[in-house]
Student: 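The structure that follows is given in the form of structure tokens.
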Amino acid sequence: MIDLKYIQNNFEEASSKLAKKGVSKDTLEELKNLFTSLKEANAAYEVSKAEQNKLSKQFGEYKQKNLDTTELKTQIDELKTKLPALLETARIAESKLEELSFIVPNFPDDNVPEGADENDNIELKKVLEPRTFNFTPKEHWDLASSCGWIDFERGVKLAKSRFSVLRGEGARIERALINFFLDFNRKNGFEEFNLPLMNNASMLKGTGQLPKFEDDLFRIEDEDLYLIPTAEVPLTNLYNDEIINDKDLPILMTAYTPCFRKEAGSAGRDTRGMIRQHQFDKVEMVALSHPNSSDEIFEMMVQNASDLLSALKLPHRLVMLCGGDLGFSAAKTVDIEVWLPGQNQYREISSISNTRDFQARRAKIRYKEDGKNNLVHTLNGSALAVGRTLIAIMENYQQEDGTILIPKVLEKYL
RNA sequence: CGGGAGAUGGUAGAGCGGUUGAAUACACCGGUCUUGAAAACCGGCGAGGGUAACACCUCCGGGGGUUCGAAUCCCCCUCUCCCGGCCA
């Protein structure tokens with residue numbers, strides 16, 4: 001949730017920032033008006049309520065002294081007829097404000113480039129040269145059958161399309177990657193977690209998936225539970241509604257979890273292969289930080305994810321997302337794209353975002369500093385998407401005969 | 001899924017119709033003392049809204065009700081713990 005006071009006091013600035021994300025000035029105007037109405041409605045109710053509280057207290061004193069209370073009672077009764085309507089007005093104002101304020105995206109940072117979609121993203125740098133092939137490299141779905149790592153057909157049989165089965169060495173490399181990633185992250189200061197794969201609606205709301213993106217989530221029938229679309233949800237919400245001692249910041253966390261996404265709206269995209277699945281493995285990093293150090297931690301997280309790919313000797317590039325391509329909660333995002341020689345293009349394998357205080361405000365994650373409570377900054381990033389890493393290994397390490405070499409760093413995990 | 005108990009501040013734990021946003025202890029923060037630390041002593045210490053700052057409003061799991069007045073009484077829901085059943 002964005003800071004409503006900021007909108008009220010710096011309307012022009014706020015609206016030009018959100019324009020980058022395609023939010024109209026009218027929407028913001030409406031938000032501002034709803035906020036003002038709520039404050040007015042609250043004020044009106046509170047004045048009457050204060051009066052009533054005062055009279056009730058007096059009533060008690062009269063009773064104690066055995067004084068006549070009939071006149072006081074009349075006064076109170078009269079006041080009480082007004083209160084329900086005032087309260088109702090305030091509540092309506094509140095729910096209207098909430099409805100809108102929870103679906104307005106975060107402000108992008110000032111240095112986020114303008115742009116409509118991924119074509120306007122800016123490449124920051126390339127890491128490692130793509131290998132040159134003396135044969136035509138295959139795409140991973142062609143390699144899947146020759147090396148036997150992925151069984152697409154049986155995945156579909158077991159569940160439906162966009163599910164697949166890893167088999168034999170493929171399954172073992174997936175597991176090796178998870179262990180390698182977790183160990184690497186832990187050595188860089190991230191504490192490892194093992195988490196519930198279902199979270200309740202309040203947590204999903206805290207990180208921004210709800211209420212706006214319910215269609216992307218798998219919901220458990222008859223329960224207030226959803227399958228997590230990313231470990232960002234449980235990791236960030238570990239501190240939901242808590243106040244952290246500032247000395248404990250930053251809190252760096254990592255976890256491996258399967259992730260579940262309906263992929264609503266991506267019909268026809270990446271239907272072949274294992275790029276876009278309903279269930280996929282990911283190792284995630286989450287940081288809760290003091291506002292002053294979130295930029296520094298952001299850079300560290302980007303570096304960490306990039307180093308993982310370098311350790312696997314996988315060529316990749318760093319891309320700064322433009323305003324139009326930025327996610328709902330993010331103020332700034334750097335994507336890491338790995339080179340897929342079979343597809344002859346770079347594909348996203350990690351996305352690192354600083355949400356500033358956007359999630360913290362929703363999830364009420366605060367820190368105490370000099371006796372005052374402030375919102376933390378929350379950051380999240382993949383390190384890395386495991387299935388896509390497997391694909392990248394297949395395509396980059398393939399041999400002419402269809403076999404695949406194993407990256408050296410993984411040897412001790414196999 | 002059946003039977004019982006409970007849900008209060010960071011934690012433990014009192015309060016059971018009025019001036020109680022809430023005793024007490026521990027934790028935590030500041031100070032005195034000390035070369036430093038510990039101990040001891042002194043002081044502070046829930047959250048959200050509101051205000052220039054006060055005032056003021058809200059919150060004792062959530063929702064509703066009774067009452068002039070509810071943490072305290074009544075109803076519903078949720079969750080937790082213990083016992084039993086089932087089961088990795």
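Quick note on labels: first sequence line is chain A, next is B, and so on, each numbered from 1.
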Student: Identify the nucleotide, in any strand shown, that forms a Watson-Crick or G-U wobble pair with B:rG43, with both distances under 3.5 Å; if there is none, say none.
Tutor: B:rC29
Student: With a 4.0 Å cut-off on heavy atoms, is A:R361 in touch with a base, just the backbone sugar-phosphate, or nothing at all?
Tutor: nothing
Student: A quick test of your reading: do over 12 heavy atoms of other residues, nucleotides or ligands sit less than 6.0 Å from CD of A:E29?
Tutor: yes
Student: By nearest heavy atom, map A:N245 and A:Q52 onto RNA chain B; which one lands nearer the 5' end?
Tutor: A:N245
Student: Give me the distance, rounded to whole Å, that separates B:rG18 from B:rA55 when you measure between the P atoms they each carry.
Tutor: 25 Å
Student: Taking the same atom, P, in B:rG13 and in B:rG17, what whole-Å distance lies between them?
Tutor: 22 Å
Student: May I ask you to decide whether A:R186 forms a salt bridge with A:D183, counting only side-chain N to carboxylate O separations under 4.0 Å?
Tutor: yes
Student: Considering only heavy atoms of chain A and a distance under 4.0 Å, specify the first and last nucleotide of RNA chain B in 5' to 3' order that meet this criterion.
Tutor: B:rG18 to B:rG69
Student: Just to be sure I understand the geometry, which residues of residues 60-82 of chain A put a non-hydrogen atom under 4.0 Å away from RNA chain B?
Tutor: A:G60, A:E61, A:Q64, A:K73, A:I76, A:K80
Student: NA contact type, A:K364, heavy-atom cut-off 4.0 Å: base, sugar-phosphate, or nothing?
Tutor: nothing
Student: Can you check whether A:R362 reaches A:T207 side chain to side chain, under 4.5 Å on heavy atoms?
Tutor: no
Student: Is there a Watson-Crick or G-U wobble partner for B:rA52 with both distances under 3.5 Å, and which nucleotide is it?
Tutor: none
Student: Could you give the distance from CD1 (A:I275) to CD (A:E139), rounded to the nearest 0.5 Å?
Tutor: 9.5 Å
Student: Under 6.0 Å from the ring centre and within 45 degrees of the ring axis: does the NZ or CZ of A:K32 meet both conditions for the six-membered ring of A:F11?
Tutor: yes
Student: When the C1' atoms of B:rG50 and B:rC45 are compared, how many Å lie between them, rounded to an integer?
Tutor: 22 Å
Student: My understanding is that only one of A:Y6, A:F102, A:F328, A:F107 makes a ring-ring contact (aromatic ring centres under 6.0 Å, His included) with A:F358; could you say which?
Tutor: A:F328
Student: Mind checking A:K5 for me? I need base, sugar-phosphate or nothing, with any heavy atom below 4.0 Å counting as a touch.
Tutor: sugar-phosphate
Student: Give A:N53 one of three labels, base, sugar-phosphate or nothing, depending on what nucleic acid heavy atoms sit under 4.0 Å from its own.
Tutor: sugar-phosphate
Student: For nucleotides B:rC42 and B:rC33, find the distance between their C1' atoms and express it as a whole number of Å.
Tutor: 12 Å
Student: Using atom C1' in both nucleotides, what's the gap between B:rU67 and B:rC74 to the nearest angstrom?
Tutor: 12 Å
Student: Could you walk me through whether A:N121 and A:D335 pass side-chain contact (heavy atoms from CB on, under 4.5 Å), step by step?
Tutor: CA-CA 10 Å; A:N121 294 342; A:D335 273 6; 5.6 Å; no
Student: With heavy atoms under 4.0 Å as the rule, sort A:K49 into base, sugar-phosphate or nothing.
Tutor: sugar-phosphate
Student: How do A:K368 and A:K39 order along RNA chain B: which one's closest nucleotide is nearer the 5' end?
Tutor: A:K368
Student: Can you tell me how far P in B:rA70 sits from the matching atom in B:rG62, rounded to whole Å?
Tutor: 16 Å
Student: CG/A:L227 to CD1/A:I220 distance, rounded to the nearest 0.5 angstrom?
Tutor: 4.0 Å
Student: Between A:H377 and A:F298, does a ring pair (Phe, Tyr, Trp, His ring centres under 6.0 Å) hold up when you go through it step by step?
Tutor: CA-CA 11 Å; A:H377 280 192; A:F298 179 81; over 10 Å; no
Student: Pick base, sugar-phosphate or nothing for A:I243, based on heavy-atom distances below 4.0 Å to the nucleic acid.
Tutor: sugar-phosphate
Student: Under a 4.0 Å threshold between the charged nitrogen and the carboxylate oxygen, would A:E12 count as salt-bridged to A:K25?
Tutor: yes
Student: Applying the Watson-Crick and G-U wobble criteria at under 3.5 Å, what pairs with B:rU67? Answer none if nothing qualifies.
Tutor: none
Student: Between B:rA71 and B:rA22, how far is it from one P atom to the other, in whole Å?
Tutor: 12 Å
Student: Name the nucleic acid region contacted by A:N373, choosing base, sugar-phosphate or nothing; use a 4.0 angstrom heavy-atom cut-off, strictly under.
Tutor: sugar-phosphate
Student: Considering only the C1' atoms, how many Å lie between B:rA12 and B:rA53, rounded to the nearest integer?
Tutor: 37 Å
